[in-house]
A.B. asks: 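One structure, pasted below without further comment.
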Number of protein chains: 2
Amino acid sequence: MEKLTLGEEGELPVRIAAAIRDAIVEGRLISDQRLPSEQELAEQFGVSRPTVREALKRLAAQSLIRTQRGATGGAFVNRLSYDDAASQLITTSTLLLSMNAVDFETACEARYALERACVPFAAARRKADHVVAMRAEIRRQALPDLTDESFCASDVAFHRALVDAAGNPVLSYQLAGAVEAMQPLMNMITFTARSRERIVALHTAIADAIDAGDATAADTVLAELAAYTSALAEDVRRARSARAAGMTG
Amino acid sequence: MEKLTLGEEGELPVRIAAAIRDAIVEGRLISDQRLPSEQELAEQFGVSRPTVREALKRLAAQSLIRTQRGATGGAFVNRLSYDDAASQLITTSTLLLSMNAVDFETACEARYALERACVPFAAARRKADHVVAMRAEIRRQALPDLTDESFCASDVAFHRALVDAAGNPVLSYQLAGAVEAMQPLMNMITFTARSRERIVALHTAIADAIDAGDATAADTVLAELAAYTSALAEDVRRARSARAAGMTG
DNA sequence: AACAGGTCAAATGTCAAACATTTAATGTCT
DNA sequence: AGACATTAAATGTTTGACATTTGACCTGTT
């Protein structure tokens, strides 16, 4: 590996991590390539081993590298998989939503807008197994003794299958993050108010439309589902403010 | 802070980081709250200070905490801002695209699909300053002696303004990641083949449509822009394979 | 000659103790 | 009362050591 140069400002581990990250992004370090040992890196950068370790750990936290112990061990450039990227996106989005008091309306709007963006592709390219997966989840959702948690999980799986049907991994990755991150917020309203029959009916209509390759119909139903979810949220909000008023007045 | 419990498997810093992250996600640690000192954490978890530090650095790499030196220093729970989240998303997406040889077609399709999802909201809610920003970028793009780099940067800024006009920060955050991450890929084709006049004309049409609140028109033009970009990519690809064939044959 | 086993070395993981640096609070002098 | 020096607390960094893991190599047996 050629020599890396450090930036000017900031703390040492940050600068070292940035130098290595740049090397990866710019292709000077390629997937599965082994980095020099911590000792060698320490000498190259003129710092101590713990400092190098902190830098490597920062990169490991972002899944940019993986470390392996033992004789042939070391730090290796990670080939970032869609799954790794998606799980990071989910973590980030979940935190973003929970820490910024994003109102349900905004998150919900974003989620369905993104999902509707997938529908034309899903209708055009759906494979049999995507439709099978969607219908399987619908059957699960129709089971009368399903717990709320399981229903919600199945809901996520249904939408995941819909998005995957679009056959665009970049879209899937972005959507998976949005859908999963919204799950806690969704649960807050859906546990209390939602009609499973209504949801199942809408899901069935979506699956039918996708199966038939009818993007327009699928989009219409999805819009209806978005409106229904939004209305539910409104109900919950009204109920809450009424209860709050009752408690203070 | 109440006591945190470690998970069962994995390395110590990973488990410690996970314990703290869970506490943040679940709201047991709230924004701007100060964590115990590294020394105290080390005692609580029964590990050494460097181990705690590694855990904290993992969290800092994800912008979950920030550290501050000095007398009243320490580690503080970070309120994850949209900007922080967006920059992480950009890093992740950029790497994902560069390391997985995502073909231009897939990335381009995803990008414009997401952007078109914003258009109805942008048309409905655009404020004057968004339109002003879009038109300012268009004027920049029309300057004859603009470098390719500046043109591309202005291109990103234009689309950013379009997305922001939708008035949904969650959408903005997701889109910003997609658009910026695609920039290197876009540059590869646009430096060589694109007609600035055509782009400027399309951008102008989009700005006009958004300004007029005409979502359908804006969507149509955006679809046209997507098709044009896609066609350019096709040209570049054909030229490349022809050149490659010429070299080998 | 092939295989099983043990030994070894290299690398990361962890710990301990110290020193450096930064920062704000505190106390003191004018 | 305000300016300035002191101090304490915290993170940043270094050094050195030991623990653990794991593949490579050597060796002995079949």
A.B. asks: Is it the case that the side chains of B:Thr51 and B:Glu54 hold a donor-acceptor pair, with the cut-off being a distance below 3.5 Å and no angle test?
C.D. replies: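 Distance-only check fails for B:Glu54 and B:Thr51.
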
A.B. asks: Can you tell me how far CZ of A:Phe151 sits from CD of A:Gln141, rounded to the nearest 0.5 angstrom?
C.D. replies: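 Between A:Gln141 CD and A:Phe151 CZ, I get 4.5 Å after rounding to 0.5 Å.
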
A.B. asks: Between the protein and nucleotides 22-27 of chain D, are there any N/O to N/O pairs under 3.5 Å, and if so, what are the atom names and distances?
C.D. replies:
from: D:dT22; atom 1: O2; to: A:Ala71; atom 2: N; distance (Å): 3.0

A.B. asks: Determine, for B:Arg125 against A:Glu109, whether the closest basic-nitrogen to carboxylate-oxygen distance falls under 4.0 angstrom.
C.D. replies: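 Result for this pair is yes, salt bridge flagged.
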
A.B. asks: With distance as the sole criterion, is a donor-acceptor pair present between the side chains of A:Gln62 and B:Thr92 under 3.5 Å?
C.D. replies: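 Looking only at side-chain atoms, B:Thr92 and A:Gln62 do not form any donor-acceptor pair under 3.5 Å.
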
A.B. asks: What integer distance in Å separates A:Phe76:CZ from C:dA11:P?
C.D. replies: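 The answer, rounded to whole Å, is 10 Å.
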
A.B. asks: Please give, in whole Å, the distance from C:dT14 C1' to B:Arg15 CZ?
C.D. replies: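 The answer, rounded to whole Å, is 13 Å.
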
A.B. asks: Would you say the side chain of B:Leu64 lies within less than 4.5 Å of the side chain of B:Asn78, judging by non-hydrogen atoms?
C.D. replies: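 A side-chain contact is absent here, since even the closest heavy-atom pair is not under 4.5 Å.
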
A.B. asks: Taking side chain as C-beta onward, heavy atoms only, is B:Glu137 less than 4.5 Å from B:His159?
C.D. replies: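 In short, these two side chains do not touch, never coming nearer than 4.5 Å.
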
A.B. asks: As a test of reading the structure: which of C:dT12, C:dC15, D:dT13 is closest to the side chain of B:Val47, going by heavy atoms?
C.D. replies: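 Nearest to the side-chain atoms of B:Val47, counting from C-beta on, is C:dC15.
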
A.B. asks: Where along residues 49-65 of chain B does a heavy atom fall under 4.0 Å from DNA chain C?
C.D. replies: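 Of all residues in residues 49-65 of chain B, the ones placing a heavy atom under 4.0 Å from DNA chain C are B:Arg49, B:Thr51.
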
A.B. asks: Quick one, B:Leu114 with B:Gln174, criterion side-chain contact (heavy atoms from CB on, under 4.5 Å). Give me CA distance, side-chain angles, the key distance, then yes/no.
C.D. replies: CA-CA 9 Å; B:Leu114 295 176; B:Gln174 290 249 354; 5.7 Å; no

A.B. asks: Using whole Å, report how far CD1 of B:Ile16 lies from C1' of C:dC15.
C.D. replies: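 After rounding, the gap between these two atoms is 13 Å.
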
A.B. asks: From the list D:dT14, D:dG12, C:dT14, which nucleotide is the closest neighbour of the side chain of A:Leu12?
C.D. replies: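 Nearest to the side-chain atoms of A:Leu12, counting from C-beta on, is D:dT14.
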
A.B. asks: Could you check if a side-chain atom of B:Tyr173 sits within less than 4.5 angstrom of a side-chain atom of B:Pro169, using non-hydrogen atoms only?
C.D. replies: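 They are not in contact (no side-chain heavy atoms under 4.5 Å apart), so the answer is no.
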
A.B. asks: Rounded to whole angstroms, how far apart are CD on B:Gln39 and C1' on C:dA16?
C.D. replies: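 After rounding, the reported distance stands at 11 Å.
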
